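Worksheet: one structure, shown below.
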Amino acid sequence: MYEKLSEDFFGRVYEIVKLIPLGRVTTYGAIANYIGLKKSARMVGWALNQTKYNKDIPAHRVVNRQGLLTGKQHFAVDASMEQLLQQEGIKIENNQIQDFQSIFWTPEELEID
DNA sequence: GACATGACGGCAG
DNA sequence: CCTGCCGCCATGT
């Protein structure tokens, strides 16, 4: 078997990110925790970095646990992370998501049916 | 193959 | 409360 576990990990990240409801956001840690690599939140960010050219993946809805747009600089200039979020009704000020706690979403909600 | 870095997070001091 | 260090794992030099 030449399959790489990393692909599975990245794949799970992509699936979860695509499930983030519009107008909501989640964190790298929440995703990592849901997958199992809770101590490897950095890998979530790295995985998203591979998808920055994939418009099917709303990576802009993923921020750090502070609700801070730390990855803003990694987005294309014509599609800034901040602007995309604001278009979804999310208010941001100085790279900080306002009322972050209220719009925060976690993959764990998928368990709730 | 070793060293440094990174879209993070937790804990110690 | 704020600062600094470590862990975690993949990628780049």
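Just so it is clear, the model here is predicted, and its values are computed rather than measured. Computed from heavy atoms alone, side chains included, the values below leave out hydrogens, waters and symmetry copies.
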Query raised in the report: Tell me: CD of A:Gln73 to C1' of B:dC8, nearest whole Å?
Result: 14 Å
Query raised in the report: Can any side-chain N or O of A:Tyr28 pair as donor or acceptor with the backbone N or O of A:Val62 at less than 3.5 Å?
Result: yes
Query raised in the report: Do A:Leu110 and A:Ile103 sit in the same hydrophobic cluster, where Ile, Leu, Val, Met, Phe, Trp and Tyr count as joined when their side-chain heavy atoms come under 4.5 Å apart?
Result: no
Report task. Starting from P on B:dC8, measure out to CD1 on A:Ile35 and report it in whole angstrom. Result -> 16 Å
Report task. Could you tell me whether the side chains of A:His60 and A:Glu88 share a donor-acceptor contact shorter than 3.5 Å? Result -> yes
Query raised in the report: Can you check the A:Asn64 CG to B:dA7 P distance for me, whole Å?
Result: 11 Å
Query raised in the report: Checking all strands, does A:Asn49 fall into the base, sugar-phosphate, or nothing category for heavy-atom contacts under 4.0 angstrom?
Result: base
**Report entry** Length of the line joining A:Leu85:CG and B:dA7:P, which is rounded to integer Å
**Finding:** 17 Å
Report summary line: Taken to the nearest whole Å, NZ/A:Lys38 to C1'/B:dG9 is 12 Å
Requested in this report: Mind calculating the distance between CG (A:Leu69) and C1' (B:dC8) to the nearest angstrom?
Outcome: 15 Å
Report summary line: Of the candidates C:dC8, B:dG10, B:dC8, the side chain of A:Arg65 sits closest to B:dG10
Report task. With P as the reference atom in both, quote the distance from B:dT5 to C:dC5 in angstrom, rounded to an integer. Result -> 14 Å
Query raised in the report: Given the C1' atoms of B:dA4 and C:dC6, what is the spacing between them in whole Å?
Result: 16 Å
**Report entry** Interatomic distance, A:Lys72 NZ vs B:dA7 C1' [rounded to whole Å]
**Finding:** 14 Å
Report task. Ignoring backbone atoms, establish whether A:Thr70 has a side-chain N or O less than 4.0 Å from OP1 or OP2 of B:dC8. Result -> yes
**Report entry** Nearest atoms (heavy-atom pairs only) where A:Thr27 meets A:Arg65
**Finding:** CG2-CA, 3.7 Å
Query raised in the report: Can you list the residues that meet the salt bridge (Lys or Arg N to Asp or Glu O under 4.0 Å) rule with A:Arg42, with sequence neighbours excluded?
Result: none
Show the distances under 3.5 angstrom between N or O atoms of the protein and N or O atoms of nucleotides 3-6 of chain B.
from, atom 1, to, atom 2, distance (Å)
B:dG6, N7, A:Arg42, NH2, 3.4
B:dG6, O6, A:Arg42, NH1, 3.0

Requested in this report: Determine whether more than 12 heavy atoms belonging to other residues, nucleotides or ligands lie under 6.0 Å from atom NZ of A:Lys39.
Outcome: no
Query raised in the report: The side chain of A:Leu48 lies closest to which of these nucleotides: B:dA7, C:dC8, B:dC8?
Result: B:dA7
Query raised in the report: With sequence neighbours excluded, what pairs up with A:Phe75 under the ring pair (Phe, Tyr, Trp, His ring centres under 6.0 Å) test?
Result: none
Query - Atom pair distance, as rounded to whole Å: CD1 in A:Ile16 and C1' in B:dA7 - result: 16 Å
